[in-house]
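Below you'll find the structure, written out as structure tokens, and then a few comments.
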Amino acid sequence: VAIIMGGKSDLPNMHEASAALKELKINPSVSIISAHRAPDYLKEHIEKSEREGVKIFIAGAGMAAHLAGVVASHTARPVIGVPMSSKLNGLDSLLSTVQMPKEVPVASVAVDGAFNAALLAAQILAVKDEALFKKLIRRKTSIAEKIKNSDKKARR
């Protein structure tokens, strides 16, 4: 999994994706590359990432938020867009991420949803990785148990 963000201001949020993947024993590559300021470098990075075995790209950017779409224009691999909070509370980023033209798909998670982007990437990889699938099942079971325990405590 390659995590690409548009600027260093995106790093705190996108760190959540990296942490979630590492928790599942998936070591992502992490890069800061602007789709607008360094388009040729971004294309080179995508091509290099694919040669190195990257199967999924997570792209997080704010404001114009074209990063996920530009990544998707250069690969046939799944791209998950993470719209970031911005001056319009992330609405501009969300719309830029989800309004992709026909034949250039980008999956999207919630504004600042980098953690969920990582889990979605893991679920996609788990289609062909039974051990990872079992980790994700155990994770869901653990979360459900925590909710049940919280409910029991609240009812006392």
Side-chain angles (χ1 to χ4, degrees), residues 1-35 45-46 49 52-72 75-102 104-156:
V1 177
I3 298 171
I4 307 171
M5 62 202 87
K8 63 183 176 184
S9 63
D10 301 324
L11 195 54
N13 190 291
M14 296 304 285
H15 176 73
E16 291 187 27
S18 180
L21 290 167
K22 288 177 182 176
E23 178 186 314
L24 294 166
K25 307 292 187 244
I26 299 168
N27 292 315
S29 66
V30 178
S31 305
I32 299 173
I33 306 173
S34 170
H45 179 73
I46 294 163
S49 296
E52 293 173 352
V54 166
K55 303 291 185 218
I56 301 169
F57 291 89
I58 297 174
M63 298 188 344
H66 295 120
L67 182 60
V70 173
V71 171
T75 184
R77 301 282 183 193
V79 177
I80 303 168
V82 181
M84 305 297 260
S85 291
S86 58
K87 293 179 182 177
L88 299 176
N89 294 322
L91 181 59
D92 50 346
S93 304
L94 176 64
L95 294 175
S96 293
T97 303
V98 299
Q99 294 295 323
M100 292 301 300
K102 183 177 181 176
V104 187
V106 170
S108 182
V109 294
V111 173
D112 296 332
F115 191 90
N116 276 355
L119 291 180
L120 180 55
Q123 290 174 329
I124 293 168
L125 292 172
V127 169
K128 292 256 186 181
D129 183 336
E130 192 64 26
L132 180 56
F133 180 72
K134 288 178 181 177
K135 283 182 194 176
L136 290 167
I137 293 294
R138 285 192 299 271
R139 188 176 192 293
K140 281 189 171 281
T141 301
S142 173
I143 292 167
E145 287 302 316
K146 287 177 186 175
I147 297 298
K148 288 177 188 176
N149 290 335
S150 293
D151 180 51
K152 286 178 188 175
K153 288 178 184 176
R155 291 173 185 260
R156 290 184 185 166

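Along the sequence shown, residues are numbered consecutively beginning with 1. A quick note: this is a predicted structure, and the numbers were derived from the prediction, not measured.
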Inset, instruction - Please check if atom CG in N149 has more than 12 non-hydrogen atoms from other residues, nucleotides or ligands closer than 6.0 Å. - result: yes

Inset, instruction - Taking the side chain as every heavy atom from C-beta outward, state whether F57 and S49 have any atom pair closer than 4.5 Å. - result: yes

Inset, instruction - Hey, could you give me the CZ/CG distance between F115 and L21, rounded to the nearest 0.5 Å? - result: 9.0 Å

Legend entry - Sub-4.5 Å side-chain heavy-atom contact between I3 and S29: no

Legend entry - Set of ring-ring contact (aromatic ring centres under 6.0 Å, His included) partners for H45, sequence neighbours left out: none

Legend entry - Residue pairs involving residues 10-35 (criterion salt bridge (charged side-chain N to carboxylate O under 4.0 Å, His left out); sequence neighbours excluded): E23-R139

Legend entry - I56 vs V79 side-chain heavy atoms within contact, under 4.5 Å: no

Inset, instruction - Side-chain contact test, heavy atoms from C-beta onward, threshold under 4.5 Å: evaluate it for S93 versus V111 and give yes or no. - result: no

Legend entry - P105 versus A72, closest heavy-atom pair with distance: O-CB, 3.7 Å

Inset, instruction - Output every pair passing salt bridge (charged side-chain N to carboxylate O under 4.0 Å, His left out) with a member in residues 109-133, not counting sequence neighbours, ordered by first then second residue. - result: none

Inset, instruction - Drop me the distance from S31's OG to M5's CE, to the nearest 0.5 angstrom. - result: 7.5 Å

Inset, instruction - Evaluate the criterion side-chain contact (heavy atoms from CB on, under 4.5 Å) for residue pair N13 and M84; output intermediate values, then yes/no. - result: CA-CA 8 Å; N13 190 291; M84 305 297 260; 3.5 Å; yes

Legend entry - Closest non-hydrogen atom pair between L67 and G6, with its separation: CD2-N, 3.5 Å

Legend entry - Heavy-atom side-chain contact between I58 and I4 under 4.5 Å: no

Inset, instruction - Starting at CD1 of I80, measure out to OG of S108 and round the result to the nearest 0.5 Å. - result: 10.0 Å

Legend entry - Nearest-0.5 Å distance that lies between atom CD1 in I32 and atom NZ in K8: 8.0 Å

Legend entry - Beyond-backbone contact of V109 with L119, side-chain heavy atoms, under 4.5 angstrom: no

Inset, instruction - Write out all pairs satisfying salt bridge (charged side-chain N to carboxylate O under 4.0 Å, His left out) with one or both partners inside residues 143-156, taking only residues at least two apart or from two chains. - result: E145-K148, D151-R155

Legend entry - Donor-acceptor contact below 3.5 Å, side chain T141 vs main chain I137: yes

Inset, instruction - Hey, could you give me each pair passing salt bridge (charged side-chain N to carboxylate O under 4.0 Å, His left out) that has a residue in residues 77-102? Not counting sequence neighbours. - result: none

Legend entry - Heavy-atom pair of closest approach, residues V104 and G69: CG1-O, 4.1 Å

Legend entry - Side-chain heavy atoms of V54 within contact of I46, under 4.5 Å: no

Inset, instruction - Measure the shortest side-chain to side-chain distance between V1 and K55 over non-hydrogen atoms and say whether it is less than 4.5 angstrom. - result: no

Legend entry - Closest heavy-atom pair and its distance - A110, P83: O-CD, 3.7 Å

Inset, instruction - Grab the two heavy atoms, one from A117 and one from V82, that are nearest each other, plus how far apart they are. - result: CB-CG2, 3.6 Å

Inset, instruction - List the atom of L132, the atom of A126, and the distance in Å for their closest heavy-atom pair. - result: CD2-N, 3.9 Å

Legend entry - L95: partners by side chain to side chain contact (heavy atoms under 4.5 Å, CB included), with sequence neighbours left out: L91

